[in-house]
Amino acid sequence: MKNKKVKIIKPNINISSSISVLHYLPTEVIQEILSRLPINSLFESRYVCHSWRDLIINDTHFPIKHYIQVCRRIRPITSLIVYACDFNELYYIPDFNRFDNLVKFNKLSFKSWLPTFKVIGSCNGFICLADDSGRYRSIFICNPVIGDVYLVPDNDTFFGYAHGAYFGFGYDMKTNIYKVVKMRYITDEKYYQAEIHTLGTNTWRNLGKVKEILGHHSTSSGVLVNGSLHWLGTLHGSETASIVMVNLADEKLQDILPISIESIVGEINRGYHMGELGGRLIIVDTGCLEYVNVWVMEEYGIWASWTKQFSVKRPPVSGIAGCICFRPLVVQENGDILIEVFGGALFVYNPTKRRPYRKIYNKGLPALFKAVPHAGTLVPFKHAIETVWM
């Protein structure tokens, strides 16, 4: 018996009819589908129909559901907030592995109060911005995706010009509270006064004194790891460089770990800075003219666990001598590490494969910028701080 040939008929799919079929799906199913979309695709879905737009824009529970799905993804964050240092503009890259998806935020309402600003950090879809004019007073929390802005109350005990200030922004997982730390330099006393503010309240609290913070205030923001903010520095009354830490839960200022990396001892000012990579603290040494060394704290709080993660030749950036800015930002599942170099280039490097640097070309990137890993959210910041008043 001969096999009969089966004629395959391609269905004639009509997009409008397909969309109409979606109307018959239960609302819970549609919510589940939309909550799994990337933030840029979700925004495009607003224009499909009125019911989807109402769900995405007006439903107060949907933004939280969407962000929970974002956090559940196994793969690390591949989206970035990019701050243009020369023009005080903000950009968004939904996926740095793609080359043509740069988005510029045109409506930044805080710019009328904050004409010059710097990005302090990103946490749970919110970014912290601080005045960079020299007075260091105004601080904003912003959700750039939806244009939401929250002004942090000023500290009434501080007036006049500050000769430098350092900031940190973080989230206390135990209490579900966001906090900002500011270290302002007291010129007459020659030390930094550390203060902390719980977002949703009106007061700042004194934490103590810090003798020195290593690194320039424009780039050395507090590094958030394990519920604490970290800087390289020296506490008031100490002569030993260490990791200065502010625990966001108990609001204690302490130098938890003396620097134990052999090559750093005695040379702490030559070109070191802290960072976070894969949820762990790292220290980057850029003082060598040929190589960049990156150490990682394998076990948080254990000073003996510092391990050199990799040593790599300096990236091919022309016209730069001496110390360079080398900021590992994101490590992906395949071992690729996204690195910002000298505030004007993005490279990918894999220390296990030891392949040459791969430069990320993204059309429209400004010449000078700072990139921050950022998972976009639709949640307004006022919803995130409501628990403070409960």
Side-chain angles (χ1 to χ4, degrees), residues 67-68 70-77 119-128 141 166-183 194-199 205 207-208 210 213-215 219-235 240-261 264 272-284 294-310 327-333 337-338 372-375 377 384-385 387-388:
Y67 191 76
I68 290 174
V70 171
C71 295
R72 284 178 178 172
R73 292 175 187 168
I74 298 176
R75 70 185 185 95
I77 296 171
V119 176
I120 303 304
S122 170
C123 185
N124 296 345
F126 307 110
I127 59 174
C128 180
I141 308 300
Y166 294 86
F167 300 88
F169 172 53
Y171 173 71
D172 178 13
M173 294 181 291
K174 295 180 180 178
T175 59
N176 196 34
I177 288 176
Y178 293 84
K179 296 183 180 182
V180 174
V181 172
K182 176 168 63 175
M183 298 188 186
E195 300 158 313
I196 191 168
H197 171 78
T198 298
L199 294 167
R205 296 171 295 284
L207 292 174
V210 177
I213 295 293
L214 303 171
T219 56
S220 298
S221 301
V223 178
L224 181 65
V225 172
N226 203 43
S228 298
L229 291 166
H230 306 78
W231 292 262
L232 283 177
T234 307
L235 282 186
T240 305
S242 62
I243 297 177
V244 175
M245 182 194 82
V246 175
N247 186 298
L248 296 179
D250 58 24
E251 299 188 356
K252 289 184 178 180
L253 174 68
Q254 52 189 320
D255 52 344
I256 55 167
L257 303 165
I259 302 302
S260 60
I261 300 172
I264 290 184
Y272 296 91
H273 62 267
M274 293 201 69
E276 176 271 334
L277 192 64
R280 298 182 294 179
L281 280 176
I282 61 171
I283 292 180
V284 182
V294 178
W295 285 269
V296 61
M297 183 185 285
E298 297 286 357
E299 297 182 52
Y300 181 79
I302 307 299
W303 66 269
S305 70
W306 281 108
T307 304
K308 183 182 286 188
Q309 187 175 27
F310 63 89
R327 298 178 57 237
L329 300 176
V330 178
V331 57
Q332 299 192 90
E333 288 180 315
I337 298 176
L338 178 70
V372 178
H374 178 80
T377 178
I385 61 174
T387 54
V388 178

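What you see below is based on every heavy atom in this structure, not just the backbone, and it leaves out hydrogens, waters and symmetry mates. What you are looking at is a predicted structure, and each value in this text was computed from that prediction instead of being measured.
For the side-chain contact (heavy atoms from CB on, under 4.5 Å) with F169, the lone residue among L224, I127, L199 that qualifies is L199. Looking at N247, I196, V246 one by one, the single match for side-chain contact (heavy atoms from CB on, under 4.5 Å) with L253 turns out to be V246.
A heavy-atom distance below 4.5 Å is found between the side chains of L207 and E251. Side-chain contact between V210 and Y166 is absent, with no heavy atoms from C-beta onward closer than 4.5 Å. Side-chain contact between F167 and C128: absent, with no pair of heavy atoms (C-beta onward) separated by less than 4.5 Å. L248 is not listed as a side-chain neighbour of Y171, based on a closest heavy-atom distance of 4.5 Å or more.
When all heavy atoms of L329 and P373 are compared, the closest pair comes out as O-CG, 3.7 Å. The two residues W303 and W306 have their closest heavy-atom pair at O-CD1, 3.0 Å. Contact record, P328 with I337: CB-CG2, 4.1 Å, taken as the closest heavy-atom pair. Taking every heavy atom of both residues into account, K179 and A249 meet most closely at NZ-O, 4.1 Å. For G170 against C123, the heavy-atom pair with the smallest separation is C-SG, 4.3 Å.
E276 pairs by the side chain to side chain contact (heavy atoms under 4.5 Å, CB included) definition with V223, V225, not counting sequence neighbours.
To the nearest 0.5 Å, the span separating CG on N226 from CE on M297 amounts to 10.0 Å. Atom OG1 of T307 sits about 8.5 Å away from atom CZ of R280, to the nearest 0.5 Å. From H273, atom NE2 reaches atom CG of L232 across 9.5 Å, with rounding to the nearest 0.5 Å.
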May I have the step-by-step check of side chain to side chain contact (heavy atoms under 4.5 Å, CB included) for T198 and R205, ending in yes or no?
CA-CA 9 Å; T198 298; R205 296 171 295 284; 2.7 Å; yes
One pair to check against side chain to side chain contact (heavy atoms under 4.5 Å, CB included): L281 and M274. What are the steps and the verdict?
CA-CA 7 Å; L281 280 176; M274 293 201 69; 3.5 Å; yes
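In terms of modelled atom types and a separation under 3.5 Å, the side chain of H230 and the main chain of S228 share a donor-acceptor contact. In terms of modelled atom types and a separation under 3.5 Å, the side chain of T377 and the main chain of G125 share no donor-acceptor contact.
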